[in-house]
Amino acid sequence: MAQRSGDPVSGSLGSHHQRGLSPCCLPAPSPPLLPDPRGCGSWPRSPSRARAPTQPHSPPLSHLFQIMALAFIFALLAQRVPCVGDELDAITLLRMQEREAYLTEKMTQLLLEIEQKNMAQSRMGLQALLFAALPYWKICSVLCLFILLFWFMWKIQKEFRGPDDSSDEESSSSEEQEQEEEQQEQVLVLDDTLFLADVLWPIGNHKDSCKEMLSLLEHLINISQTILSDTFFPMPEYPTGVGSTYEGWCPPRDEPVFCLLVPLTAPRGHVFHLELGTAGELPARNSRVRVVLECVCGREQEMGMLCFLHASEDELRNQQPSLLHSLCTGSYLDVEKTACWFTMLIRNAWKCIPAAATCSMKAMLPRRSCRLHLTDYLRRTYIVEIVFGVQQDNTDIFLSSQETEAAITASTTWPQSCAMAEVKFFQHIDAHSQGENFYHRYLQVYGYILVGYNFSTYELKTVLMHLLTAIPLENWHGRYFFQRMDDIMRYLRCCLEEKRLNHFLIGNEEVPAEIILPQDFQVSEPLNLFQHLAQDPDKHEQALHELEDLEDRLASLLIYGK
């Protein structure tokens, strides 16, 4: 029977034989297979597989010898266990290494298979995502197609338009570019002129105060009308703000004075007849207001009074005296008596308003007007000057109580005033100008530099009014600031050299139609405001020297801000 190569025993023996061991050291050959007495095969000769016979009788002698031989063989094997153990360890280690290499190879193969499966699954997920997003790609492709088609149509239409249309487009684009450049230049110029706000009083600084003073006086006038409802005193109407403060160019070094014109109407049973001054003199300086009694017979019950003309003296004793006996000198309305009466009226009306609890008022009594000193709860003081006026027909010209240039003015003199018409002119400019009314700056700057010179702010305002009607209003904004300042100075120099500056409202065809003037204002020859210079050469020479100083001062202000 041939031995197996994997048998450890035979392998061990073979190895010893190769090492040169003597035959005596070899174990005896294994006994042959004995037949199984039960007929189940044969027993192995190997000692490890030998089993005792199952016969009940004693074994024969030959069997004893065999057992002894097997014992001897086992003894020899026991002596060679160490050597066999060494060979077993080396072989086991080699097999373990081979097994490790085999398992590593299998593990690597398994990892590759897992990675391939994951890649296949990821490809399947990407395909599913692409299939899910396919409708959106279709929509985007359709939109791109439409955009491309629209672009091609625009290009074709642009080619078919021809050079004329392209030139129009270029011109329009150039115009837009010029407008943008103009706006940028205007912003730069406005930034350059903002230093004036630090030197001068800002234009809108007293705008809110103007409204407050006007509202306060309207409230006082409303109370005064209630007080005067059963009397024969003139009836004050709602005021209008006039003068430089309400026109937005109050001289910065002067304390702002809120000047208000209060129109007066004749009381019931009375009529105001206006008697203008010297014929041909406009505006008339020596005008007067004559008070005439009116017959009210037949309307006595309606008017709640007796007729001053036809009622008896005994009947009139129970009635208050007429205006002729209270505020008139002779038959003419007296300015000084009217101012005194109106001051007392305002004091009584002040006691009836809620503001009297937190504010204080002092009513001063100038000779021809009423001046109020108001102090609010914040201790701020305001000066309000009230002048009275009688309207000339239905025009914007009034006979007012304002002071005149004459040293002595009679108390019955009511000179013509154009203040209301001038206010309406600037309102007209405000309504037709675009954006900020920047022309206020011009008056403010010149009002600043005129301090200390013989030129009046009214003369300068007249120059500005002429130029506002001659130059388009859009050219008065910040971009043209320096040009307009130069135009005003040049116009003033021309007027000085010619010794003539025409009044704006008299004999001027350029007056806006919104301003209603008397007929004599429209048909008269223009009034020369520089007439005194034409009559006095010394004053004219002095005015030319002052104009040169004024030009230098203006240049210093615009360049250095001082």
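All values reported here derive from a predicted model rather than from experimental measurement.
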Not counting sequence neighbours, which residues clear salt bridge (Lys or Arg N to Asp or Glu O under 4.0 Å) with [X]? List them please.
X	result
Asp552	none
Glu541	none
Arg368	none

Self-check item: Test log, rule side chain to side chain contact (heavy atoms under 4.5 Å, CB included), inputs Glu551 and Arg493
Solution: CA-CA 10 Å; Glu551 291 175 346; Arg493 173 171 285 278; 3.0 Å; yes
State, to 0.1 Å, how close [X] and [Y] come at their nearest heavy-atom pair, and which atoms those are.
X	Y	answer
Gly389	Phe398	C-CD2, 3.9 Å
Glu459	Leu501	O-CD2, 3.7 Å
Val262	Pro236	CG1-CB, 3.8 Å
Cys210	Thr245	SG-CG2, 3.6 Å
Ala349	Ser224	CB-OG, 3.8 Å
Pro234	Pro267	CA-CD, 4.1 Å

Quiz item: Which residue pairs pass the side chain to side chain donor-acceptor pair (under 3.5 Å) test with at least one member in residues 330-342, sequence neighbours excluded?
Solution: Glu275-Tyr332, Arg288-Tyr332, Thr329-Asp334, Asp334-Ser411, Glu336-Arg367
Does the side chain of [Y] come within less than 4.5 Å of [X]'s, by heavy atoms?
X	Y	answer
Leu467	Trp476	yes
Met305	Arg299	no
Met213	Leu372	no
Ile383	Phe258	no
Ile223	Ile227	yes
His503	Asn508	no
Leu374	Leu216	yes
Tyr458	Lys461	yes

Mind jotting down which residue pairs meet the ring-ring contact (aromatic ring centres under 6.0 Å, His included) criterion with at least one end in [range]? Sequence neighbours excluded, please.
range	result
residues 359-384	none
residues 296-321	Phe232-Phe308, His270-Phe308
residues 506-534	none

Pairing residues for [X] by the side-chain hydrogen bond (donor to acceptor under 3.5 Å, both in side chains) criterion, not counting sequence neighbours:
X	answer
Glu514	His428
Gln392	Gln416
Lys424	Asp396
Thr395	none

Using modelled atom types and a 3.5 Å cut-off, is there a donor and acceptor pairing between side-chain atoms of [X] and backbone atoms of [Y]?
X	Y	value
Glu237	Thr265	no
Ser215	Lys211	no
Gln402	Ser417	no

Quiz item: When you check the gap from the basic side-chain N to the acidic O, do Arg484 and Asp487 get nearer than 4.0 Å?
Solution: yes
Exercise. In plain terms, say whether Arg553 and Asp549 are close enough for a salt bridge, that is, a side-chain N and a carboxylate O under 4.0 Å apart.
Key: no
Roughly how far apart are [X] [atom1] and [Y] [atom2], rounded to 0.5 Å?
X	Y	atom1	atom2	answer
Leu282	Glu525	CG	CD	11.0 Å
Phe233	Leu323	CZ	CG	8.0 Å
Leu468	Ile429	CG	CD1	5.0 Å
Ile386	Thr343	CD1	OG1	7.5 Å
Cys370	Leu260	SG	CG	10.5 Å
Leu505	Leu527	CG	CG	10.5 Å

Quiz item: Within a radius of less than 6.0 Å around CZ of Arg285, do more than 12 heavy atoms belonging to other residues, nucleotides or ligands occur?
Solution: no
Exercise. State whether the number of non-hydrogen atoms from other residues, nucleotides or ligands found under 6.0 Å of Met364 atom CE is greater than 12.
Key: no
Quiz prompt | Verdict with supporting geometry, Thr457 and Ser244, side chain to side chain contact (heavy atoms under 4.5 Å, CB included) | solution = CA-CA 9 Å; Thr457 55; Ser244 60; over 6 Å; no
Practice problem: Under the side chain to side chain contact (heavy atoms under 4.5 Å, CB included) rule, what do Asn348 and Leu345 come out as? Steps first, then yes or no, please. | Solution: CA-CA 5 Å; Asn348 293 329; Leu345 180 65; 5.6 Å; no
Quiz item: Considering residues at least two apart in sequence or located in another chain, which fulfil the side chain to side chain contact (heavy atoms under 4.5 Å, CB included) criterion with Ser312?
Solution: Asp314, Glu315
Self-check item: Tyr442: which of Phe481, Tyr491, Tyr480 passes ring-ring contact (aromatic ring centres under 6.0 Å, His included)
Solution: Phe481
Quiz prompt | Candidate pair Met361 and Ile346, rule side chain to side chain contact (heavy atoms under 4.5 Å, CB included), full reasoning | solution = CA-CA 10 Å; Met361 182 194 73; Ile346 290 298; 4.1 Å; yes
